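Worksheet: the structure to be examined is printed underneath.
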Amino acid sequence: MKVASWNVNSLKVRLPQLLDWLADRQPDVVCLQETKVEDSVFPHAEIEAAGYAVAFSGQKTYNGVAMLSRHGLADVVCGNPLFPDPQKRLIAATVGDLRIVCAYVPNGQEVGSDKYDYKLAWLEALERWLAEMLAAHPRLIVTGDFNIAPDDRDVHNPKAWEGKILCSTPERAAFQRLLGLGLKDSFRLFEQPEKSFSWWDYRMLGFQKNLGLRIDHLLLSDALTPHCRASTIDREMRKRERPSDHAPVSAVIEG
DNA sequence: ATGGTAGCCGCGCTA
């Protein structure tokens, strides 16, 4: 099972790239963030024609998540029942014997802002929800755009980013509390190249200069980590014309 | 302290 996550930054713009990428990489499950599309106009027919079942929870302009699966989707839940939120940032579903959560964690904008407080409250509620979920579903994957670079290895210039949004101590502590529930960052189960990032600002030639952060993650429950064979970042899509600012990430689970 | 780019909407807001 190859499970992937990609912040597409507008599914309308990126649909042709998504379809290309599905055909090329053949993932079994794909979690999408920042679809920015209302459910009534979600391009489900094109995705189904590519061989995927799809569930989605979107809104106009901002946010929006979706899950694609070549093996069906069961028990779809949109949003965190412990945190009523008009912003469409969470979708969960079961594929075979895996429970999968697709998350678009709030960006937070700036440390100390209202949006930052919302981010921390949102993460606290996510932690409580995942604690319940792990008890019911030991084979759990939590993936998406976390908008948190877990440590300095995940930042192109740790000094410049110290204490800043996506890198602040409270955000990193919230990420560690998620791991403390019994989840592991699949990327760090393996030896990885230095300066591996999943997001690069569109500005200042960020990608060309590799001025990135690793903020997109695949977390695996402790029951799944022994079955993980690989966890990688696919930089190819970021090299395309009119790319998303995020690269897809994926993990391979066997057995 | 600000700007640079992208997407969307509607000429600013969010990332």
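Basis for what follows: all heavy atoms, side chains included, without hydrogens, waters or symmetry-related copies. Predicted, not measured: the structure shown is a model, and the values here were computed from it. Chain letters run A, B, ... following the sequence lines, proteins first, then strands; residues in each count from 1.
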Student check: side-chain heavy atoms of [X] and [Y] closer than 4.5 Å:
{"X": "A:P27", "Y": "A:Y52", "result": "yes"}
{"X": "A:K119", "Y": "A:N107", "result": "no"}
{"X": "A:N9", "Y": "A:H246", "result": "no"}

Which of these nucleotides, [options], is closest to any side-chain atom of [X]?
{"X": "A:M204", "options": "B:dG4, B:dC8, B:dA15", "value": "B:dG4"}
{"X": "A:Y202", "options": "B:dT14, B:dC8, B:dT5", "value": "B:dT5"}
{"X": "A:S10", "options": "B:dA15, B:dC8, B:dT14", "value": "B:dC8"}
{"X": "A:T61", "options": "B:dA15, B:dT14, B:dC9", "value": "B:dC9"}
{"X": "A:K36", "options": "B:dT5, B:dA15, B:dC8", "value": "B:dC8"}

Please measure how far the [atom1] atom in [N] lies from the corresponding atom in [M], and state the result in whole Å.
{"N": "B:dT14", "M": "B:dG4", "atom1": "C1'", "result": "15 Å"}
{"N": "B:dA1", "M": "B:dG10", "atom1": "P", "result": "32 Å"}
{"N": "B:dG12", "M": "B:dG3", "atom1": "P", "result": "13 Å"}
{"N": "B:dC9", "M": "B:dA15", "atom1": "C1'", "result": "15 Å"}

Roughly, in whole Å, what's the span from [atom1] in [X] to [atom2] in [N]?
{"X": "A:Y62", "N": "B:dG7", "atom1": "OH", "atom2": "C1'", "answer": "9 Å"}
{"X": "A:R240", "N": "B:dT5", "atom1": "CZ", "atom2": "C1'", "answer": "20 Å"}
{"X": "A:Q109", "N": "B:dT2", "atom1": "CD", "atom2": "P", "answer": "14 Å"}
{"X": "A:D245", "N": "B:dC8", "atom1": "CG", "atom2": "P", "answer": "12 Å"}
{"X": "A:K209", "N": "B:dT5", "atom1": "NZ", "atom2": "P", "answer": "12 Å"}
{"X": "A:N107", "N": "B:dT14", "atom1": "CG", "atom2": "C1'", "answer": "8 Å"}
{"X": "A:I165", "N": "B:dT14", "atom1": "CD1", "atom2": "C1'", "answer": "13 Å"}
{"X": "A:N63", "N": "B:dC13", "atom1": "CG", "atom2": "P", "answer": "17 Å"}

Determine: side-chain N/O of [X] to OP1/OP2 of [N], distance under 4.0 Å, yes or no.
{"X": "A:R242", "N": "B:dT5", "value": "no"}
{"X": "A:R203", "N": "B:dA15", "value": "no"}
{"X": "A:K60", "N": "B:dC8", "value": "no"}

Passing candidate, ring pair (Phe, Tyr, Trp, His ring centres under 6.0 Å) with A:F146, options A:W199, A:F187, A:F175, A:W122: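 Single ring pair (Phe, Tyr, Trp, His ring centres under 6.0 Å) partner of A:F146 among A:W199, A:F187, A:F175, A:W122: A:F175.
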
Sugar-phosphate, base or nothing in reach of A:F207, heavy atoms under 4.0 Å: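 Here A:F207 touches no strand at all.
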
Worked check of side chain to side chain contact (heavy atoms under 4.5 Å, CB included) between A:R242 and A:R14: CA-CA 8 Å; A:R242 217 176 173 195; A:R14 234 64 67 189; 4.2 Å; yes

Ionic contact status for A:D154 with A:R172, cut-off 4.0 Å: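 Salt bridge: no.
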
Whichever of A:H246 and A:V13 has its nearest DNA chain B nucleotide further upstream toward 5':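 Its nearest nucleotide lies further toward 5', so the answer is A:V13.
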
